[in-house]
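So that the names make sense, note that chain A is the first sequence line, chain B the second, and so on, each numbered from 1.
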Number of protein chains: 2
Amino acid sequence: MAVHGRGRGGGRPTLEEVAARAGVGRGTVSRVINGSPSVSDATRAAVEAAVAELGYVPNTAARALAANRTDAIALVVPESETRFFAEPYFSEMLRGVGAALADTEMQLLLIFAGNDRERQRLAQYLAAHRVDGVLLVSVHADDPLPDMVAELGIPAVISGPRSADEPLASVDSDNHGGGRSATAHLIAQGRRRIAHITGRLDVWGALRRTEGYRSALVEAGIEEDEGLVEPGDFSEEGGRRAMAALLERRPDLDAVFAASDVTAAGARQVLREAGRSIPDDVALVGYDDSAIARHMDPPLTSVRQPITEMGRVMTDLLLEETATREPRRRTPAGVRRPQTVLPTQLVRRQSS
Amino acid sequence: MAVHGRGRGGGRPTLEEVAARAGVGRGTVSRVINGSPSVSDATRAAVEAAVAELGYVPNTAARALAANRTDAIALVVPESETRFFAEPYFSEMLRGVGAALADTEMQLLLIFAGNDRERQRLAQYLAAHRVDGVLLVSVHADDPLPDMVAELGIPAVISGPRSADEPLASVDSDNHGGGRSATAHLIAQGRRRIAHITGRLDVWGALRRTEGYRSALVEAGIEEDEGLVEPGDFSEEGGRRAMAALLERRPDLDAVFAASDVTAAGARQVLREAGRSIPDDVALVGYDDSAIARHMDPPLTSVRQPITEMGRVMTDLLLEETATREPRRRTPAGVRRPQTVLPTQLVRRQSS
DNA sequence: ATCACTGCTGGGAGCGCTCCCACGCGCTCT
DNA sequence: AGAGCGCGTGGGAGCGCTCCCAGCAGTGAT
């Protein structure tokens, strides 16, 4: 890491200086730095030697200016920093993104857009094209963020499409399959009166989980009973409320599939208060395989999403996109971006 | 957020275009953008109007190249991402940094340097001067990172000096005062045989806590008893081991001041196993005021560090530094950077 | 021997900004 | 009336790269 001072006191060496040292032209050095194949081996070696001797490091600002790219992507989190840290979801996602970026020159920017002020700033940021691409995680259905990004013509990948015809590239876990396997598992345990507490149904993924639940019932030839389905909202309180309603309406239910672990935790409280034992009287399955699931009493069977893997795939997709869509322009209207779906996995524990 | 296309298809407007629109020169627009005072009000208004009309956003890359600054600082975390998320310390710190940056144009980069590979990358990053300054948090005493940063002549602020004569600017909480007030509190409760489990004594802050403990004893005229001091290492296991040793050596001790909440948790286990009740037989005080302290049984009295505030102050200090140290050069040898110390606060709970 | 044609190479022309020098104007002070 | 000053201003000269075109050899076909 030798950094020799030269020329204008203390400045780092420039391409020009490396070129002079190696006895070649500026263009050639640039080609070597950027790994162009059309450089002879001898020349390449000479340049590499000069680079090493001078401790040359490319000036990113100059490169960004000349090439009109930044070599950076942003992970946009439409939440407060507090929630970001509270949710293991983000942590896992970040790990996946980091892994995908590990052997790249790409720089990751973490941008919170929890309040209006931050969103305003983000808008400025994107307008200035300070990143080559954007990773959008856990966006709400009515969020204008994705459309803004699309409008600006910035490559983007979203985690969890907002609807069946999401125009942006997306990576999702198989919510339908998850709901289906959770329900099928309960059926395989001999349960027949399986209740379901949904998530917020304006969230596409939650809707899919519920559809998966229905599919499993249909496949097993069990008649659907609308009385066994109660809307929730992912929250603990919602779980309690829904469970109470279900118990009142169908006291003979023998299993519950909740759309999130937190919801399941709420349901468990009500079940316990009602004197139902888990899993003997009522089997319980959650979703997310969060820390709550592991620490619940009894430990909760839950559907695990490959969040880290999602982060990795999202990043790969985005990198590909930024690489191909070189001259920055808007995606032609009507062109659907790839929708990737990753498998979920049922983690069996004592609650079922 | 009107972004009108112009000139070379779709490119954003440039300074030049804004200047033409406002009927002024490039220089004048630049001055307005950068808030230079030497622009007449009329001209300023005209330029601002043009900026608004065109939806002009400065090109950061060009600015960085021309001005040789990046308007970005890095928060360097010498830990894995996993630990980063696990520790509320970082979350609070980040909040403080964010707050200080909120009404700045500065961009925050979060850089993990948990393993060799990441550190290598960081070195490249810093060598390329891609940030104007660096915030260094929770660096270990033998970490080469701070010296590398200093060597490169990059302004830096460190959280927690590594020794009494830390050459870098630093912001710390008052570890001495914290240890002193925790001990004084125990004395005020009528305790006289107060034991102390230290932190890792190669960590300057831990050392200061222990010195604070001693000061309090001296001030109260209580004779120091080396048998009451046992080295720990911030860990739970260390707390258990130390507590066992203390109990064996001084079975009549009536209070324990542990250098961290985690250590206190370890100590509590041993005390309980030994049949000592808290706080009746033995009063216990921890350090950090972490979640553990609140959830312990009984809730643990602990010393709170103003971590968010530390983040804020560190950032302010760094911004000041980057602003003044305009032409990038090394800090002259021998020039000590400011050492700021923020007060701690004793949070009383049922354990004492 | 002439003419492509291919494989490497050098260097001009910018990218959009900041910095700074020089200029013009309206004053005040001789 | 002329010199001197300061304020506001315009625009040249880069910052360190990438892109691209032209040029130069060497090769095989005509």
Side-chain angles (χ1 to χ4, degrees), chain A residues 6-47 50-51 54 56-71 105 127-130 132 326-328, chain B residues 6-47 50-51 54 56-71 105 127-130 132 326-328:
Chain A
R6 54 183 356 81
R8 304 153 295 92
R12 283 124 55 223
T14 69
L15 248 205
E16 194 91 45
E17 288 162 354
V18 174
R21 176 113 185 179
V24 300
R26 220 170 56 251
T28 303
V29 178
S30 177
R31 272 181 286 263
V32 172
I33 299 292
N34 295 293
S36 158
S38 53
V39 178
S40 73
D41 289 349
T43 309
R44 180 184 306 279
V47 170
V51 165
L54 297 177
Y56 171 75
V57 181
N59 179 322
T60 359
R63 171 178 288 175
L65 179 59
N68 192 34
R69 66 188 156 77
T70 62
D71 290 326
E105 294 292 89
H129 281 284
R130 290 182 65 171
D132 293 338
E326 240 350 291
R328 224 173 249 142
Chain B
R6 53 179 358 81
R8 304 151 297 92
R12 284 124 55 226
T14 70
L15 248 204
E16 194 91 45
E17 289 163 352
V18 173
R21 176 112 183 180
V24 300
R26 225 172 52 256
T28 302
V29 177
S30 176
R31 274 182 285 262
V32 171
I33 299 293
N34 294 293
S36 158
S38 54
V39 178
S40 73
D41 289 348
T43 310
R44 179 182 308 277
V47 171
V51 165
L54 297 177
Y56 171 75
V57 181
N59 179 323
T60 2
R63 172 179 288 175
L65 179 58
N68 193 33
R69 62 188 160 81
T70 63
D71 290 326
E105 294 292 270
H129 280 285
R130 290 181 63 172
D132 292 339
E326 241 349 291
R328 224 174 247 141

Closest contact, heavy atoms only, [X] versus [Y]:
| X | Y | answer |
| --- | --- | --- |
| A:Thr14 | A:Tyr56 | C-CE1, 3.7 Å |
| A:Val47 | A:Ala22 | CA-CB, 4.0 Å |
| A:His129 | A:Thr70 | O-CG2, 3.6 Å |

To the nearest 0.5 angstrom, please state how far the [atom1] atom of [X] sits from the [atom2] atom of [Y].
| X | Y | atom1 | atom2 | value |
| --- | --- | --- | --- | --- |
| A:Glu17 | A:Leu54 | CD | CG | 7.0 Å |
| B:Asn59 | A:Arg130 | CG | CZ | 9.5 Å |
| B:Thr60 | B:Leu65 | OG1 | CG | 12.0 Å |
| B:Arg26 | B:Arg31 | CZ | CZ | 10.5 Å |

How long is the line joining [atom1] of [X] and [atom2] of [N], in whole Å?
| X | N | atom1 | atom2 | answer |
| --- | --- | --- | --- | --- |
| B:Asn59 | D:dC15 | CG | P | 18 Å |
| B:Arg63 | D:dC17 | CZ | P | 21 Å |
| B:Leu65 | D:dA13 | CG | C1' | 13 Å |
| B:Ile33 | C:dC19 | CD1 | P | 14 Å |
| A:Arg130 | C:dC17 | CZ | P | 13 Å |
| A:Leu54 | D:dG16 | CG | P | 14 Å |
| A:Asn68 | D:dC19 | CG | P | 10 Å |
| A:Arg69 | D:dC19 | CZ | C1' | 11 Å |

Main-chain N/O of A:Ala128 paired with B:Arg12 side-chain donor or acceptor, under 3.5 Å: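 Here the side-chain-to-backbone pair exists.
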Does the side chain of B:Ile33 come within less than 4.5 Å of B:Val51's, by heavy atoms?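 Yes, their side chains come closer than 4.5 Å.
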Tabulate protein N/O versus nucleotide N/O from nucleotides 8-12 of chain D, keeping only pairs under 3.5 Å, one per line.
from	atom 1	to	atom 2	distance (Å)
D:dT9	OP1	B:Ser40	OG	3.0
D:dT9	OP1	B:Thr43	OG1	2.1
D:dT9	OP2	B:Ser40	N	2.9
D:dG10	OP2	B:Gly25	N	2.7
D:dG10	OP2	B:Thr28	OG1	2.6
D:dG10	N7	B:Arg31	NH2	3.2
D:dG12	N7	B:Arg26	NH2	3.2
D:dG12	O6	B:Arg26	NH2	2.7

Estimated bend of the helix from C:dA1-D:dT30 to C:dT30-D:dA1 (axis per five terminal pairs, rounded to 10 degrees): 50°
C:dT18 phosphate, OP1 or OP2: any side-chain N/O from B:Asn34 under 4.0 angstrom? yes
